[in-house]
Amino acid sequence: MERALIIIKPDAVQRGLIGPILTRLEQRGLKFVGLKLIQVDEALARRHYAEHEGKAFFESLVSYITSAPVVVAVVAGKPGTVEMIRTLVGATNPAKAAPGTIRGDFGIDIGRNLIHASDSPESGERETAIFFKPEELIADWSRAVDPWVQE
Ligand code: IDP
Ligand code: MG
């Protein structure tokens, strides 16, 4: 199984896009194993985005992600799930993201790109552990619809 951490970022929460963005993931057939509304503090933001420390946009990224509540979620699925979610999310810069992707349908600015999704299974594990305690995840629930989504 692979897991991806999803963050519905402050701009999307403020714009009333929690539902539409979750729907994109849900209607694809993806399965949530964790979901909550939180306020990210500076320490958490710096930890999550540690790979970008020192880049020109880093400080504005920290202030963006801490500027209002976010929804964090964990999606689990078979190998390839993380890559599939990245395709669904679209290019980092919404101005260049393909129509039909979340960023390509809802955004226009790289500094307000609505959603985070883990970029590899390894990142998915690292980021899930940053945002969720093990007891907050429901790893083993089964959906009645599963056999209709996956052969
Ligand atoms: P990703 O979210 O598509 O994985 P990353 O390159 O990992 O993109 O960058 C992390 C986040 O940092 C982006 O989602 C975006 O919010 C922000 N960011 C990246 N590049 C820029 C930039 O050039 N200007 C402003 N913000 C940026
Ligand atoms: Mg990234």
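We count residues from 1, following the sequence as given. For ligands, and for the atoms within them, numbers begin at 1 and follow the listed sequence.
With respect to atom 10 (C) of ligand 1, the closest heavy atom belonging to the protein is His52 NE2, 3.5 Å. If you check which protein heavy atom lies closest to atom 15 (C) of ligand 1, you get Asn113 ND2, 3.5 Å. Of the protein's non-hydrogen atoms, Thr92 OG1, 2.5 Å is the one closest to atom 3 (O) of ligand 1. Nearest protein heavy-atom neighbour of atom 4 (O) of ligand 1: Arg86 NH1, 2.8 Å. Taking atom 20 (N) of ligand 1 as the reference point, the nearest protein heavy-atom neighbour is Phe57 CE2, 3.4 Å. Of the protein's non-hydrogen atoms, the one nearest atom 23 (O) of ligand 1 is Ile110 CD1, 3.8 Å.
In this structure, Lys9 fails the cation-pi test against Tyr64, since its NZ or CZ atom is not both closer than 6.0 Å to the six-membered ring centre and inside 45 degrees of the ring normal. Taking the ring axis of Phe106 as reference, the NZ or CZ atom of Arg15 does not stay both within 45° of it and closer than 6.0 Å to the ring centre.
The closest approach between a heavy atom of Leu61 and any atom of ligand 1 is below 4.0 Å. At least one heavy atom of Arg103 sits less than 4.0 Å from an atom of ligand 1. Contact between Arg112 and ligand 1 is absent, with no heavy atom of the residue lying under 4.0 Å from the ligand.
Residue contacts with ligand 1 for Glu51 are absent, since no atom lies close enough (heavy atoms, distance under 4.0 Å). At a 4.0 Å heavy-atom cut-off, ligand 1 touches Lys9 through the side chain alone. Contacts between His48 and ligand 1 below 4.0 angstrom, taking non-hydrogen atoms only, are absent altogether.
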Next item on the list: Check the pair Asp109, Arg112 against salt bridge (Lys or Arg N to Asp or Glu O under 4.0 Å), reporting the backbone distance first and the verdict last.
Entry: CA-CA 5 Å; Asp109 189 305; Arg112 297 286 183 268; over 6 Å; no
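If you check the side chains of Ser123 and Ser120, you find a donor sitting under 3.5 Å from an acceptor.
To the nearest 0.5 Å, atoms CG (Leu114) and CZ (Arg103) are separated by 8.0 Å.
Remark: side-chain polar atoms of Arg86 are paired, donor with acceptor, to backbone N or O of Ala117 under 3.5 angstrom. Listed for the Asn113 side chain is a donor-acceptor partner under 3.5 Å among the backbone atoms of Thr92. For Thr101 (side chain) and Ala97 (main-chain N/O), no donor-acceptor pair under 3.5 Å exists by modelled atom type.
Taking 4.0 Å as the cut-off between side-chain N and carboxylate O, Lys78 and Glu2 do not count as a salt-bridged pair.
An N or O contact shorter than 3.5 Å is missing between His116 and ligand 1 by distance.
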